[in-house]
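Have a look at the structure below, then the notes.
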Amino acid sequence: MAGRGEIVEAENAEAEAIITRIEHKTRKIESLLKQGRPVEALKTALEGSPPKTRDERCKSANWIVVHRALMAIKDVDSLFSALDPEYYDILMKYLYRGLSTGDRPTCDQCLRIHEKLTEKAGLGCILRSLADTVNTV
């Protein structure tokens, strides 16, 4: 049976691996943004999001990446013509995280996207996002 110290060590190693993946993802997103491809940057940011981890460092690091991509979106209407439905629920979770920051520009952008996402995905997307307490961002 593993002791508490071994469990903490394993969790820290897993968190470090996640942080490393997020750092790699950050470089890719910055490259996409420099190329003027914000929707692709957002897709990349949402892919492999670590919602099942309880480590707040991982969640915060990934939020920073998603936030960077969200704020680069200028044409919200075209976002949903290019974004696959598989991303809708995780995007909704990040929109609520953005709204919780209280930062005016972030909240404004999240509300614009939230409106279009709700039109596209329906109320079920909101309900799934709020009801899922296991996979948090």
Side-chain angles (χ1 to χ4, degrees):
M1 181 171 198
R4 179 71 184 136
E6 292 171 339
I7 293 171
V8 170
E9 218 172 276
E11 288 173 353
N12 284 338
E14 179 185 351
E16 291 304 320
I18 291 170
I19 295 289
T20 301
R21 285 194 305 267
I22 292 169
E23 289 170 352
H24 179 265
K25 189 168 33 172
T26 300
R27 289 188 292 276
K28 186 174 181 182
I29 288 166
E30 288 301 325
S31 174
L32 289 167
L33 291 175
K34 285 178 185 173
Q35 296 170 27
R37 298 168 55 197
V39 176
E40 289 300 316
L42 181 59
K43 284 183 186 179
T44 302
L46 295 173
E47 288 172 355
S49 293
K52 293 186 194 282
T53 185
R54 293 185 313 237
D55 191 297
E56 285 303 318
R57 295 173 303 157
C58 297
K59 291 179 182 188
S60 293
N62 206 66
W63 160 245
I64 290 168
V65 172
V66 172
H67 179 259
R68 176 81 173 95
L70 277 175
M71 296 307 286
I73 301 290
K74 300 297 180 220
D75 185 4
V76 176
D77 290 323
S78 69
L79 167 65
F80 293 104
S81 63
L83 192 66
D84 299 325
E86 69 188 73
Y87 296 104
Y88 292 173
D89 288 0
I90 191 72
L91 175 58
M92 186 64 79
K93 286 177 176 281
Y94 278 109
L95 292 177
Y96 285 125
R97 175 146 186 180
L99 290 169
S100 74
T101 65
D103 176 61
R104 178 75 186 247
T106 300
C107 290
D108 288 348
Q109 180 73 335
C110 287
L111 285 172
R112 277 192 293 276
I113 295 172
H114 184 278
E115 177 185 17
K116 297 298 181 184
L117 178 56
T118 303
E119 286 175 13
K120 185 80 170 172
L123 296 176
C125 186
I126 295 171
L127 294 174
R128 287 188 299 275
S129 174
L130 295 175
D132 184 1
T133 58
V134 175
N135 300 310
T136 60
V137 296

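We count residues from 1, following the sequence as given. Predicted, not measured: the structure shown is a model, and the values here were computed from it.
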Practice item. Applying side chain to side chain contact (heavy atoms under 4.5 Å, CB included), name anything that partners Leu99, two or more places apart in sequence or on another chain. Key: Tyr96, Cys107, Cys110, Leu111
Check your understanding: In terms of ring plane angle, is the pair Tyr88 and Phe80 parallel, tilted or perpendicular, where the classes change at 30° and 60°?
Key -> perpendicular
Review point. Going through the distances and angles, do Asp108 and Arg104 end up as a salt bridge (charged side-chain N to carboxylate O under 4.0 Å, His left out)?
Key: CA-CA 6 Å; Asp108 288 348; Arg104 178 75 186 247; 3.5 Å; yes
Practice item. Decide side chain to side chain contact (heavy atoms under 4.5 Å, CB included) for Leu70 and Leu91; before the verdict, give the C-alpha distance in whole Å, the side-chain angles of both, and the deciding distance to 0.1 Å. Key: CA-CA 10 Å; Leu70 277 175; Leu91 175 58; 3.8 Å; yes
Exercise for review: Give every residue pair that meets the salt bridge (Lys or Arg N to Asp or Glu O under 4.0 Å) criterion with at least one member in residues 71-88, sequence neighbours excluded.
Suggested key: Asp77-Lys116
Review point. Is there a donor-acceptor pair closer than 3.5 Å between any side-chain N or O of Ser129 and the backbone N or O of Cys125?
Key: no
Study note, to complete from the structure: Heavy atoms of Val65 and Ala45 approach each other most closely as CG1-CB, 3.9 Å
Point to revise | From Leu46 atom CG to Asp89 atom CG, the distance as rounded to the nearest 0.5 Å | key: 11.0 Å
Study note, to complete from the structure: Those residues at least two apart in sequence (or on a different chain) that pass salt bridge (Lys or Arg N to Asp or Glu O under 4.0 Å) with Glu47 are none
Check your understanding: To the nearest 0.5 Å, how far apart are CG in Leu117 and CD1 in Ile126?
Key -> 8.0 Å
Practice item. Please assess His24 against Thr20 for the test side chain to side chain contact (heavy atoms under 4.5 Å, CB included), listing each intermediate value before the final yes or no. Key: CA-CA 6 Å; His24 179 265; Thr20 301; 6.0 Å; no
Check your understanding: Which heavy atom in Ile22 sits nearest to a heavy atom in Cys58, and how many Å separate them?
Key -> CD1-O, 3.5 Å
Review point. Has the side chain of Ser81 got a donor or acceptor atom that lies under 3.5 Å from a matching backbone atom of Ser78?
Key: yes
Point to revise | Separation between OG1 of Thr44 and CG of Leu33, rounded to the nearest 0.5 Å | key: 9.0 Å
**Study point:** Glu16 with Arg57: basic N within carboxylate O range, under 4.0 Å
**Key:** yes
Check your understanding: Among Asn62, Ile90, Leu95, whose side-chain contact (heavy atoms from CB on, under 4.5 Å) with Val137 holds?
Key -> Ile90
Practice item. Please name all residues satisfying side chain to side chain contact (heavy atoms under 4.5 Å, CB included) with Asp132, sequence neighbours left out, ordered by chain then number. Key: Lys93, Val134, Asn135
**Study point:** Partner residues of Tyr87 under the ring pair (Phe, Tyr, Trp, His ring centres under 6.0 Å) criterion, sequence neighbours left out
**Key:** none
Check your understanding: Between Lys43 and Glu40, does a salt bridge (charged side-chain N to carboxylate O under 4.0 Å, His left out) hold up when you go through it step by step?
Key -> CA-CA 5 Å; Lys43 284 183 186 179; Glu40 289 300 316; 3.6 Å; yes
Review point. Please walk me through it: do Asp55 and Ile18 pass side chain to side chain contact (heavy atoms under 4.5 Å, CB included)?
Key: CA-CA 10 Å; Asp55 191 297; Ile18 291 170; over 6 Å; no
Review point. With a 4.5 Å heavy-atom cut-off, do Met92 and Leu130 have their side chains touching?
Key: no
Exercise for review: With sequence neighbours excluded, tell me which residues meet salt bridge (Lys or Arg N to Asp or Glu O under 4.0 Å) with Arg97.
Suggested key: none
